[in-house]
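Read through the structure below, which is laid out as structure tokens, and then see the notes.
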Amino acid sequence: MAAALRPPLAYHLAESPLGWVLLAADASGLRALLLADSPEAALEELAQRFVGAALVAEPSLSGDMAQILRRLEQPDSPLDLPLAPAGTPFQQRVWQALGEIAAGQTVSYAALAARLGSHPRAVARACASNPLAVLIPCHRVVNSRGQLAGYRWGLARKAALLARERQPLAGA
DNA sequence: CAACACCAATTGG
DNA sequence: CCAATTGGTGTTG
């Protein structure tokens with residue numbers, strides 16, 4: 001038989017100041033949020049992440065997409081979406097820890113590793129596997145010297161996200 | 001199941 | 001500045 005068929009994945013594309021955004025979801029919730037330079041690139045990455053899954057364009061996701069686009073502008077804006085990132089237990093732990101970093105703050109791989117009783121290299125690896133760009137704030141993780149290290153979706157985007165989050169909300 | 005290569009780091013020489 | 005080390009994961013045998 002053909003490769004294992006999987007439950008279909010609904011996706012939706014939109015353009016943002018950071019490039020193209022691809023949102024993918026199934027019955028469990030949001031499975032992926034990817035950034036790319038073009039719709040084609042985004043879809044390609046999605047297909048690579050979910051090998052064998054049927055990808056279905058789903059315009060009705062535009063409502064959810066709107067929330068996400070708004071969050072790109074205002075990191076503090078609320079998000080009412082079920083997140084369902086797929087990953088190993090270790091990855092889930094890392095991602096959850098990431099979620100506890102406040103907007104505008106950064107954390108080093110070393111500190112995160114210490115908090116999780118792991119190793120920086122492993123943490124970085126888990127961050128790199130993050131399927132939910134921005135929503136799981138892996139862009140808030142930097143190296144020990146407080147400098148940007150790497151970013152799966154491009155250092156430029158990481159820098160842009162951090163700059164946006166550091167915007168003072170009311171003067172300051 | 002075992003071995004190997006890959007990587008978004010860190011520390012020491 | 002370069003080299004060695006370290007942890008988890010995906011891929012291959």
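We name chains A, B, ... by the order of the sequence lines, and we start the count at 1 in each one. What you are looking at is a predicted structure, and each value in this text was computed from that prediction instead of being measured.
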Whole angstrom value for the distance that separates [atom2] of [N] from [atom1] of [X]:
{"X": "Tyr151(A)", "N": "dC7(B)", "atom1": "OH", "atom2": "C1'", "result": "17 Å"}
{"X": "Arg145(A)", "N": "dA8(B)", "atom1": "CZ", "atom2": "C1'", "result": "13 Å"}
{"X": "Leu116(A)", "N": "dG8(C)", "atom1": "CG", "atom2": "P", "result": "11 Å"}
{"X": "Leu112(A)", "N": "dG8(C)", "atom1": "CG", "atom2": "P", "result": "13 Å"}
{"X": "His119(A)", "N": "dA4(C)", "atom1": "NE2", "atom2": "P", "result": "17 Å"}
{"X": "Trp95(A)", "N": "dG8(C)", "atom1": "CH2", "atom2": "C1'", "result": "13 Å"}
{"X": "Tyr109(A)", "N": "dT11(B)", "atom1": "OH", "atom2": "C1'", "result": "17 Å"}
{"X": "Arg121(A)", "N": "dT11(B)", "atom1": "CZ", "atom2": "P", "result": "13 Å"}

Checklist entry - Any side-chain N or O of Ser144(A) less than 4.0 Å from the OP1 or OP2 oxygen of dT10(B)? => result yes
Item to check | Pairing string, 5' to 3', for DNA chain C - Watson-Crick or wobble contacts under 3.5 Å, brackets [ ] where pairs cross, | to another strand | outcome: |||||.|||||||
Next on the checklist: Just checking Glu44(A): does its CD atom have more than 12 heavy atoms from other residues, nucleotides or ligands closer to it than 6.0 angstrom?
Outcome noted: no
Item to check | Flag if over 12 foreign heavy atoms under 6.0 Å of CD, Glu15(A) | outcome: yes
Side chain of [X], backbone of [Y]: donor and acceptor closer than 3.5 Å?
{"X": "Trp95(A)", "Y": "Pro137(A)", "result": "no"}
{"X": "Glu58(A)", "Y": "Ala10(A)", "result": "no"}
{"X": "Arg71(A)", "Y": "Ser77(A)", "result": "yes"}

Checklist outcome for this item: Closest non-hydrogen contact found for Trp153(A) with Cys138(A) is CZ3-SG, 4.4 Å
Next on the checklist: By the 4.0 Å heavy-atom rule, please label Ala128(A) as base, sugar-phosphate, or nothing.
Outcome noted: base
Item to check | Nearest-neighbour nucleotide for the Ser108(A) side chain, dA8(B), dG8(C), dT10(B) considered | outcome: dT10(B)
Item to check | Gap between atom CG of Leu132(A) and atom CG of Leu33(A) - 0.5 Å precision | outcome: 6.5 Å
Next on the checklist: Using 0.5 Å steps for rounding, measure from the NE2 atom of His12(A) to the OG atom of Ser60(A).
Outcome noted: 8.5 Å
Could you write out each protein N or O paired with an N or O of nucleotides 9-13 of chain C at a distance under 3.5 Å?
residue : atom : partner  : partner atom : Å
dT9(C)  : OP1  : Thr88(A) : OG1          : 2.4

Item to check | Ionic contact status for Arg140(A) with Glu100(A), cut-off 4.0 Å | outcome: no
